[in-house]
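Encoded as structure tokens, the structure appears first; notes follow it.
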Amino acid sequence: MTHQNRLPVRGARTTAALVGAVATGLVSPAQANIIINYQSGNQFTYKVNQMPDFDQRRKVQSGILGLPNDGNMYCAPTAASNALAYVQAHGYPALMPLLDNSYFFWANDEPGAYALETLGLGLMGNAMQCDPIDGTGGSGFEDGILQYFHSDWFQVSFVWANGSYAPSAKMMAQAALAGSDGSVVAFCVGWYQPVGGGNYVRNGGHCITLQKAVVNGSAVTLSIRDPWTTDSLIEQSSFSSQSYPTQQKTVTVSGKTRSMSELVGYGGLLDGYAVITPLYGITWQAGQITMISPQVLEWATGSPSKTIHAPDGLPILDVVPSADAATIYFFTKPAGAAGRLWKLAPGASEATQVELAIANPIHACVGPDGKLYVMDGNRIVRCIDLSGPTPTAMQYVAPFDLADITFDDTTGKVVGLSTATKALHLMTFGTTGASGVTANLPSLPSLDQGKASIAFDPTTGAYFLGSENVDALYKALLPAASGPVVEPIVVPGLVKPTNISVDSLGRAMVASNGVMRAYVKNRGSWIEDPTSPFSGKPAANGFLVPRNRSNYSPTENDGPGWHNVPPSNQGPSLIECGADITGDDQVDAQDLAVLLGQWGTDGLADVNDDDVIDQIDLAELLGRWGPCE
């Protein structure tokens, strides 16, 4: 937590300084008061204590800062700024110094708070290219979040409804658990109007911040921080949440039928969200996976390192995180039997098996829409859709043996590396079938079929290639006109590279001699990048870092339908229940025990956020004794 009486400029240390501190281990592991009670993937609660609730509507008056058009279109910048201010107060103060202050400072509307909030919302609005009349489209929403949640410290997943696909409230709640100790979520709902013939069109929408999610089987209830308020336009309203059950509603948009989550009593259909997760890496060896977090949020109960064992005790063949980083998939294979697909959800103590037989899993990748692609043997690639109650699969047979596959987010293709033919095979999986084309790489050296790997670079659209039998990497670019270009990467210390991955900054990351190494191009030359927080970490069989992903569609997630329209109905405000330290919706003896155990220190039980747990916190806890709602 932060200090209520500190100056806002305390957070104005430079980005470079914080990166260096993370890289050299000088920043002590921080944690956060995101409270997760996890029983299973169908039974859990996610709750964020002390999430800000800024107002988007701010009118310019004499001596009072406001926003263009009174902030009527500033829901997206405000929803993201709520999350930003929360994260800044819990371990990352340098993201936007204007919003670096404590929850106590904001919630009590301390002197100067309103002006700082307004300036911060204005900066986020500029980053999102928020139009005072037309609002914020999906691309602007992504740009603003990525500008302030830097890829040095965060992995951000954007999930949008488009085509016949739509994320559900349950999927979003599960994604909120991502990382070592949970994530923060800003999301958008659309107001969909019937236009005849059974079709619907998005007629505006609204963005909000997730404060709590309760999953009980198929029943999902969301509590939100809503930027819209009908209170005064020249002062901050009281922080509060509203709670809404959800239900699935089938709609047809642009001729595509999809099932969407409706916030009952609010009216909007969930059609996009951003999950912001403190950066973590995944390494594996033998029958175990380890998640490593160089820096997490402040005052959570988790650990910066978490190890999960394969339930069957067999060696792990390959590991791939889902596009929203909420699930880690991996494979094992018993001798003489079909391979097994496992999924590991955040909060779970062990993985569960996906009931889908894959004869001989070798490598896998995942698309931004959540589909999993698995090499089943050397030539068969299966597209597996895990979104329904029963997994479904589409099969494609490559014309030659493949060594590894990756997903190209730019083209939407699965790209396979063939070492024998020195070629890439680009596969397209459609609704009715799959097809492929081959791009030859004649200048590629001979790589070992069984030890080669490929990874897509999101910053350049190229592919990194390598193999343990060659002490080098190769970057292949496939320009349409001039033919492929293969650039060799030879750096001292790069030995037997394996399991290539690429982070959101375009760094090639490999396991080399048992440790993770990151490589980047600097002034025309390739060098090892020691600023990666994962450099030198153990990486016996492989190491990867989940990167920013998005399934954004410019034709469906932008345009006139994405202007802000406020909710016509808002539920009653919930009584703040920060004294519920354990997150079970009760203030009881368990919470009291935590408070007494932290007496005189700072921690989760600092209910009023003044950096010390004392009689004031005790009084607030006793005053809220009993059920939260």
Side-chain angles (χ1 to χ4, degrees), residues 40-43 159 163-168 170-171 174-175 177-178 217-218 259 282 284 287-289 308-398 402 404-407 412-416 427-434 436 542 544 546 549 551:
S40 71
N42 291 315
Q43 190 85 31
V159 183
S164 58
Y165 170 79
S168 67
K170 185 174 182 179
M171 290 170 56
Q174 291 172 330
L177 308 179
S218 61
S259 177
I282 304 169
W284 63 97
Q288 69 181 36
I289 294 172
I308 301 294
H309 297 273
D312 56 10
L314 295 173
I316 293 171
L317 304 177
D318 197 16
V319 176
V320 57
S322 63
D324 62 3
T327 306
I328 297 173
Y329 298 105
F330 63 92
F331 300 91
T332 61
K333 188 181 185 307
R340 296 168 179 166
L341 169 59
W342 303 89
K343 63 178 182 179
L344 174 63
S349 58
E350 61 181 31
T352 57
Q353 187 173 356
V354 179
E355 295 301 324
L356 182 70
I358 302 173
N360 185 29
I362 299 177
H363 293 295
C365 62
V366 67
D369 62 355
K371 290 186 174 64
L372 182 68
Y373 299 87
V374 182
M375 276 181 58
D376 192 355
N378 292 323
R379 293 198 178 188
I380 297 174
V381 178
R382 300 186 188 275
C383 171
I384 303 172
D385 188 346
L386 299 165
S387 61
T390 303
T392 58
M394 179 189 299
Q395 175 179 305
Y396 175 78
V397 181
L402 301 175
D404 192 13
I405 57 174
T406 188
F407 194 91
K413 300 180 186 296
V414 178
V415 181
M427 295 161 272
T428 301
F429 288 82
T431 56
T432 59
L544 61 87
R549 305 292 296 273
N551 68 330

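For reference, positions follow the sequence shown, starting with 1. Scope of the values below: all heavy atoms of this structure, side chains included, with no hydrogens, waters or symmetry mates. It should be emphasised that the depicted structure is a prediction, and the values quoted were computed from it without experimental measurement.
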The side-chain contact (heavy atoms from CB on, under 4.5 Å) partners of Ala351 (sequence neighbours excluded) come to Pro311, Phe330, Trp342, Leu344

Could you tell me if the side chain of Phe407 sits less than 4.5 Å from the side chain of Val366, heavy atoms only? no

Does Met394 have any side-chain contact (heavy atoms from CB on, under 4.5 Å) partners at least two apart in sequence or in another chain, and if so, which? Cys383, Phe429, Ala434

Checking Gln174 side chain against Ala326 main chain: does a donor-acceptor pair fall under 3.5 Å? no

For residues 367-375, run the donor-acceptor check on the side chains, cut-off 3.5 Å, and write out each pair with its distance to 0.1 Å, sequence neighbours left out.
residue, atom, partner, partner atom, Å
Asp369, OD1, Lys371, N, 3.2
Asp369, OD2, Lys371, NZ, 3.4

So, for Val414 and Cys365, which heavy atoms are closest and what is the spacing to 0.1 Å? CG1-SG, 4.2 Å

Find out whether Ile384 and Ile358 are in side-chain contact, i.e. whether some heavy atom of one side chain is under 4.5 Å from a heavy atom of the other. yes

Applying side chain to side chain donor-acceptor pair (under 3.5 Å) to Thr428 and not counting sequence neighbours gives Lys413

Which pair of heavy atoms, one from Leu402 and one from Met427, lies closest together, and at what distance? CD1-CE, 4.0 Å

Tell me the side-chain hydrogen bond (donor to acceptor under 3.5 Å, both in side chains) pairs involving residues 310-328, sequence neighbours left out? Asp312-Thr332, Asp312-Arg340, Ser322-Asp324

For Lys343, all residues meeting side chain to side chain donor-acceptor pair (under 3.5 Å), sequence neighbours excluded: none

OH (Tyr329) and CG (Leu386) are apart, to the nearest 0.5 Å, by 4.5 Å

Determine the minimum heavy-atom distance between Ala338 and Pro334, stating which atoms define it. O-CD, 3.4 Å

Under the rule for side-chain contact (heavy atoms from CB on, under 4.5 Å), what residues qualify as partners of Ser259, not counting sequence neighbours? Gln248

Salt bridge (Lys or Arg N to Asp or Glu O under 4.0 Å) contacts touching residues 372-396 (sequence neighbours left out): Asp376-Arg382, Arg379-Asp401

I'd like to know whether Lys333 forms a side chain to side chain contact (heavy atoms under 4.5 Å, CB included) with Leu314, so could you lay out the CA-CA distance, the side-chain angles of the two residues, the decisive distance to 0.1 Å, and finally the verdict. CA-CA 7 Å; Lys333 188 181 185 307; Leu314 295 173; 6.0 Å; no

Under the side-chain contact (heavy atoms from CB on, under 4.5 Å) test, which residues partner Pro321, sequence neighbours left out? Ile282, Leu544, Pro546

Tyr396 meets the ring-ring contact (aromatic ring centres under 6.0 Å, His included) criterion, sequence neighbours left out, with His425

Looking at every heavy atom in both Ile405 and Gly416, which two are closest together, and how far apart are they? CG2-CA, 4.0 Å

Could you list all the ring pair (Phe, Tyr, Trp, His ring centres under 6.0 Å) pairs where at least one residue sits in residues 351-370, not counting sequence neighbours? none

